[in-house]
Structures are given as C-alpha cells and as structure tokens.
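Just below is one structure, and these are the notes that go with it.
One-based numbering along the sequence shown. Just so it is clear, the values below take in all heavy atoms, side chains as well, and ignore hydrogens, waters and symmetry mates.
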Amino acid sequence: MKRSITALLAAACALLAVSPGNGQAPANAPPAQNPAAQNAPRRVKTKVDGFDLAPDKASANQIGGASRGEGAKTLLYAPHKARVYSLRPNFAWKGDSTATYKFHIQDTLGTFSWDREVTGATLAYPADAPALTPGGIYLWKVAPDSPLLGPPPPASIIVVLGGADRAQIDAGLSQIQGSDADASRARYFYDQRLWYDAVDAYSNLIAMHPSQASLYQMRGTLYDQVPAAWLLADADFAHAN
C-alpha cells in the first residue's frame, strides 16, 4: 500500500511540474514574446515607380547582405539609375564622417571625368568643377581610402535631363510662385520623379523648418526608394510621427 501511495504522489508531482499553472511554460509551448515588440507596428515600405530607371538592377548597390544599409560600411545613397535636373547635384553615401573618400564621376562616352578627395560622406558638386552637360549620362562612385571601411560599392548612373525633357521641367518650374514656392518646387521634383533634386529640395526645407513633420514624411518616402537608404527613411518617419 505504501508503495502505491508513493507512486501516486510521484505521478502527481510530475503532472504539477509541467502544468502551466506553476509559472513555467510547457515544453512544447512557443517562445515567450516581448509584449512591446509584439505590439510594435511594422512599417510597410513605400514603393513609388519611376524614380529608379533600372529597378531590377538596384540590388547591385546592396553588398554584404546590406538590404537595410546594415553590414556594408560604404553604400551609395542613390537609385541605381536616375534622372537629374540639376547640373551640380548633391551626392551622399553611407560612410564615416571623419574618413577620406575619393569621389569619381565620368560620362559614359569616356570624354569627361572628375575626381576629388572628400572628408565625410557627402559632396555638393562644386562650382569649380565642370558643370554636367544636359543630356549627358554619368557614372559616379566613391572609394574609401582606408581598407577598414570595406570595398567601394558599385557605381550609380545619373541621366541629366536635356532637350524637350529639360524644357518641360523649365516650363513647370517657371509657373511656381508665391510664398510656398520652395515647397511647391520640392513637390514638383517629386512628381517628376527627380530623386536627387527632390531629396535636395526637401533637405533644404527641413533645414529651414526642422519641426515640420510633413517634410520628413516626404523625404522619408524618397529614401524608401533606395534600399541602402532605408535606415535614413526610418529616421525621417520617426521624426514625422
């Protein structure tokens, strides 16, 4: 009898040990999840056609598995191939703000090239450099001086508007007037799918109006078109919210 009672008590203890009521999860239960992470909204990427003229090749600018701009130490913040209106566009890339990079741009005909050493990860194409030619097609790239910053990323292509396309943009811009002209020009560049010009215009507006959430929303949408710049998009959307 004592042995039977002892066996019953042992079985009862075993059942209690795996019961969810004792504060322990069953062996086959799914892993516990952080409630905050479980409730955190997932942002849906905003895909807008027309900014990248070669979207199927855009992944060539993502190296080292850096689909969110992570991993690779140097990436171009630019579509693989995009139209541009400005003859002196601004260029930016993921990099070290204290490091030195060699910036290089050349036309696809092999008749023009220009180089400059840059400290930091941005370059406003300067007045002392030859202006880009309307209708020209150019490749631009950067290479870090230090091997610790990884290999240079693939070049990006810019197509400078010329001819009838440029005349159309000129005509559209000439119609923009009034107190909100800067915002209207930025939106016009966006609507015309001019990524570089729109990013530059919204960045200037943000510098003037740093508390205006809608500006961050628009620039974030632009960054969302470039996988290497998704972290920049996340930062802008955080400001917008």
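For the residue pair Pro89 and Val84, the shortest heavy atom distance occurs at CB-CG2, 4.0 Å. Smallest separation of non-hydrogen atoms from Leu149 and Pro144: CB-CB, 3.6 Å. In this structure, Asp224 and Trp230 approach most closely via the heavy-atom pair O-NE1, 2.8 Å. Of all the heavy atoms in Pro210 and Tyr216, the pair that sits closest is O-OH, 2.8 Å. Scanning all heavy atoms of the two residues, the minimum distance from Lys73 to Leu148 falls at NZ-O, 3.0 Å.
Among residues two or more places apart in sequence or in another chain, the side chain to side chain donor-acceptor pair (under 3.5 Å) test is passed with Ser174 by none. Shown here are the salt bridge (charged side-chain N to carboxylate O under 4.0 Å, His left out) partners of Asp236, two or more places apart in sequence or in another chain: Arg219. Residues that satisfy the side chain to side chain donor-acceptor pair (under 3.5 Å) test with Asp165, not counting sequence neighbours, are absent from this structure. With sequence neighbours excluded, the residues that form a side chain to side chain donor-acceptor pair (under 3.5 Å) with Thr98 are Asp96. Legend: residues meeting side chain to side chain donor-acceptor pair (under 3.5 Å) with Asp145, ordered by chain and number and at least two apart, are absent.
With rounding to the nearest 0.5 Å, the separation of NE2 in His209 from CG in Asn204 is 10.5 Å.
Counting heavy atoms from C-beta on, the side chains of Trp93 and Trp140 come closer than 4.5 Å. For the pair Trp195/Asp52, no side-chain contact is recorded, criterion being any heavy-atom separation below 4.5 Å from C-beta on. With a 4.5 Å cut-off on side-chain heavy atoms, Asp128 and Arg116 count as touching. Side-chain contact between Val199 and Phe189: absent, with no pair of heavy atoms (C-beta onward) separated by less than 4.5 Å. No side-chain heavy atom of Leu76 sits under 4.5 Å from any side-chain heavy atom of Phe91. Side chains of Pro153 and Lys94 form no contact here, defined as non-hydrogen atoms less than 4.5 Å apart. A heavy-atom distance below 4.5 Å is found between the side chains of Ile105 and Ile158. In this structure, the side chains of Leu87 and Tyr125 stay at 4.5 Å or more apart for every pair of heavy atoms.
Among pairs with a residue in residues 82-92, those fulfilling side chain to side chain donor-acceptor pair (under 3.5 Å) read Tyr85-Asp170, Asn90-Asp200, at least two apart in sequence or across chains.
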>> Go through it in stages, so that I can follow the logic: the residues are His239 and Ile206, the test is side-chain contact (heavy atoms from CB on, under 4.5 Å), and I'd like the CA-CA distance, side-chain angles, deciding distance and then a yes or no.
In response: CA-CA 11 Å; His239 274 289; Ile206 287 171; over 6 Å; no
>> One pair to check against ring-ring contact (aromatic ring centres under 6.0 Å, His included): Tyr190 and Phe51. What are the steps and the verdict?
In response: CA-CA 9 Å; Tyr190 178 96; Phe51 283 108; 5.4 Å; yes
